[in-house]
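Counting convention: from 1, in listed order, for ligands and their atoms alike. For clarity, every value in this text was computed on a predicted model and none was experimentally measured. These numbers come from the heavy atoms of this one structure, side chains and all, not from hydrogens, waters or symmetry mates.
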Amino acid sequence: MYKIVMLGPPGSGKGTQAKFLAKELNIPAISTGKIFRDAMRKGSELGLKVKDRMDAGILIDDELTNQIVKERLQQSDTVNGYILDGYPRSIPQVKFLESLDSITHAINVDSSDEIVMKRIASRRMCKECGANFNILFKPTKVENVCDKCNGELYIRSDSKPDSVKERIATYHEVGDPILKYYREKKLLVDINGEPSIEEVWNEVKDKLKI
Ligand code: AMP
C-alpha cells in the first residue's frame, strides 16, 4: 500500500507528480492548498478564515490544518492509500500525521529557487473550476480561457512576487527539518524536479518501482 507525502518547494512540480501518482496507483491525491482554495472560492466559513493568510502566502495554523487533514483521511476513498500534497509543512504537522497513520514514502521533489520562481510566475488558474495551467509548460488552447470549462484564468494571489518570496523563505525554514526527519526514518525518496514533467515522472516511477 502507498501512503505518500509529497515534499519540496512551491512550484517544484510536486502537485503534478502527485496527480500522476494518484492516477497510476488509483488512490486520491489530497492537496491541503486546494482544499483551502476551494473553500475560499465557495466563500465558506473555512474559506473566510484562511483567506488573508493564503493571499499573503503565509502558512495556516497547524491546529486547523491538522483537523482538515484528519477529516479528509477519514473518508472511505483513502482505505487503499493516499498521496498528501502540501502536507505536512511543519514538525507539529509531521508528528500529528504520525499519530494518525504510518506513511510509506516521503517524496522530495526538489528544484532551485530560481526555477520555482519562474514556474510560479507563469502559473494560471481557472476562476470557475480551479484547474491549473502554466503559460510556459501547460498553456490553454485559447489564451486566458480554461480548457475544461471555458472559465476565465487568473494569477493566484499568492503567485505574486512578494508572496512567492515569502513562501520560498518559509519553505526553507520549515521544510529542511521535515526532510531531515523523514531521511532519518529512511522514508525519503529524492527526486530532481528540474527537468521536464515527463523526465521527473520517469524518475518517480523508477524510484518507487511502479
Ligand atoms: P499550496 O497550494 O500547497 O502551495 O498551498 C497554498 C497555501 O495554502 C499556502 O501558502 C498556505 O497558506 C496554505 N497551506 C497549504 N497547505 C498547508 C499546510 N500543510 N499548512 C499550513 N498552510 C498550508
Side-chain angles (χ1 to χ4, degrees), residues 3-19 21-22 28-42 44 46-73 82-101 103 106-111 113 115-127 129-134 138 154-179 181-182 193:
K3 292 180 175 174
I4 298 172
V5 299
M6 303 297 292
L7 306 173
S12 68
K14 61 185 187 304
T16 302
Q17 299 300 324
K19 283 182 201 147
L21 277 167
I30 299 165
S31 153
T32 40
K34 182 169 189 308
I35 293 175
F36 291 138
R37 278 189 296 279
D38 286 348
M40 279 166 58
R41 217 178 13 251
K42 283 183 206 143
S44 69
L46 174 66
L48 295 175
K49 228 187 245 179
V50 299
K51 187 180 184 311
D52 289 349
R53 297 181 78 87
M54 289 281 296
D55 284 349
I58 300 169
L59 291 179
I60 308 305
D61 63 273
D62 288 332
E63 206 179 321
L64 178 59
T65 309
N66 286 339
Q67 200 49 40
I68 297 291
V69 171
K70 184 178 177 187
E71 282 167 22
R72 182 63 187 86
L73 292 184
Y82 51 81
I83 300 148
L84 285 169
D85 166 21
Y87 181 94
R89 279 247 231 326
S90 68
I91 290 292
Q93 292 183 12
V94 170
K95 295 280 163 75
F96 182 80
L97 177 60
E98 206 168 61
S99 75
L100 292 181
D101 208 351
I103 68 137
I107 302 184
N108 174 28
V109 185
D110 204 9
S111 230
D113 290 357
I115 289 189
V116 301
M117 293 275 292
K118 198 168 139 200
R119 287 183 181 168
I120 294 176
S122 54
R123 273 181 178 170
R124 298 292 181 272
M125 184 173 272
C126 176
K127 266 186 190 165
C129 74
N132 286 302
F133 300 93
N134 187 301
K138 192 186 166 194
Y154 75 111
I155 301 177
R156 257 167 64 177
S157 47
D158 64 359
S159 293
K160 310 255 159 74
D162 282 352
S163 295
V164 175
K165 279 189 197 137
E166 171 72 35
R167 286 163 67 202
I168 292 174
T170 306
Y171 170 73
H172 288 302
E173 204 179 299
V174 299
D176 293 350
I178 297 176
L179 295 179
Y181 183 89
Y182 285 122

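For atom 22 (N) of ligand 1, the closest heavy atom belonging to the protein is Ile60 N, 3.0 Å. Distance from atom 23 (C) of ligand 1 to its nearest protein heavy atom, with residue and atom name: Phe36 CE1, 3.8 Å. The nearest protein atom to atom 4 (O) of ligand 1, hydrogens excluded, is given as Arg167 NH2, 3.0 Å; this is a heavy-atom distance.
Of all atoms in ligand 1, listed by their number and element, those nearer than 4.0 Å to a heavy atom of Tyr87 are 19 (N). Atoms of ligand 1 lying under 4.0 Å from any heavy atom of Ile58, numbered from 1 in the order shown and given with element: 11 (C), 12 (O). Residue Asp158 has at least one heavy-atom neighbour below 4.0 Å for each of these atoms of ligand 1: 6 (C). Near Met54, meaning under 4.0 Å from any of its heavy atoms, are these atoms of ligand 1: 7 (C), 8 (O), 12 (O), 13 (C). Near Thr65, meaning under 4.0 Å from one of its heavy atoms, ligand 1 places the atoms 18 (C), 19 (N), 20 (N), 21 (C). Atoms of ligand 1 found under 4.0 Å from any heavy atom of Thr32 (numbered from 1 in listed order, with element): 15 (C), 16 (N), 17 (C), 19 (N).
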Can you list the steps and then say if Lys160 with Asp162 is a salt bridge (charged side-chain N to carboxylate O under 4.0 Å, His left out)? CA-CA 6 Å; Lys160 310 255 159 74; Asp162 282 352; over 6 Å; no
Evaluation steps, salt bridge (charged side-chain N to carboxylate O under 4.0 Å, His left out), between Lys34 and Asp38: CA-CA 6 Å; Lys34 182 169 189 308; Asp38 286 348; 2.9 Å; yes
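No side-chain donor-acceptor contact under 3.5 Å links Ser122 to the backbone of Asn134. Side-chain atoms of Thr170 never come within 3.5 Å of backbone atoms of Ile58 as a donor-acceptor pair (strictly under, hydrogens ignored). Put simply, the side chain of Arg123 never gets that close to the backbone of Asn132: no donor and acceptor are under 3.5 Å apart. In this structure a side-chain-to-backbone donor-acceptor pair under 3.5 Å is present from Ser12 to Val109.
Using a 4.0 Å cut-off between heavy atoms, Gln93 contacts ligand 1 through its side chain alone, with no backbone atom that close. Here Val50 has no heavy atoms under 4.0 Å from ligand 1, in either its backbone or its side chain. The backbone and the side chain of Leu59 each have at least one atom closer than 4.0 Å to an atom of ligand 1 (non-hydrogen atoms only).
A donor atom on one side chain and an acceptor atom on the other are found under 3.5 Å apart for Asp101 and Tyr82.
Some N or O of Arg37 is nearer than 3.5 Å to an N or O of ligand 1, by distance alone. In terms of polar-atom proximity, Asp85 is not counted as a contact of ligand 1, lacking any N or O under 3.5 Å from an N or O of the ligand.
Ile68 places a side-chain heavy atom less than 4.5 Å from the side chain of Leu46. Side chains of Tyr87 and Ile30 form no contact here, defined as non-hydrogen atoms less than 4.5 Å apart. Looking at Ile155 and Arg124, their side chains come closer than 4.5 Å, going by heavy atoms from C-beta outward.
Nearest heavy atom pair, residue Ser163 against residue Gly57, reads OG-N, 4.2 Å.
The option with the heavy atom closest to atom 3 (O) of ligand 1, from among Lys34, Arg89, Lys51, is Arg89. Looking at Gly33, Gly86, Gly57 and measuring to atom 10 (O) of ligand 1, the nearest heavy atom belongs to Gly57.
Residue Arg156 places a heavy atom under 4.0 Å from ligand 1.
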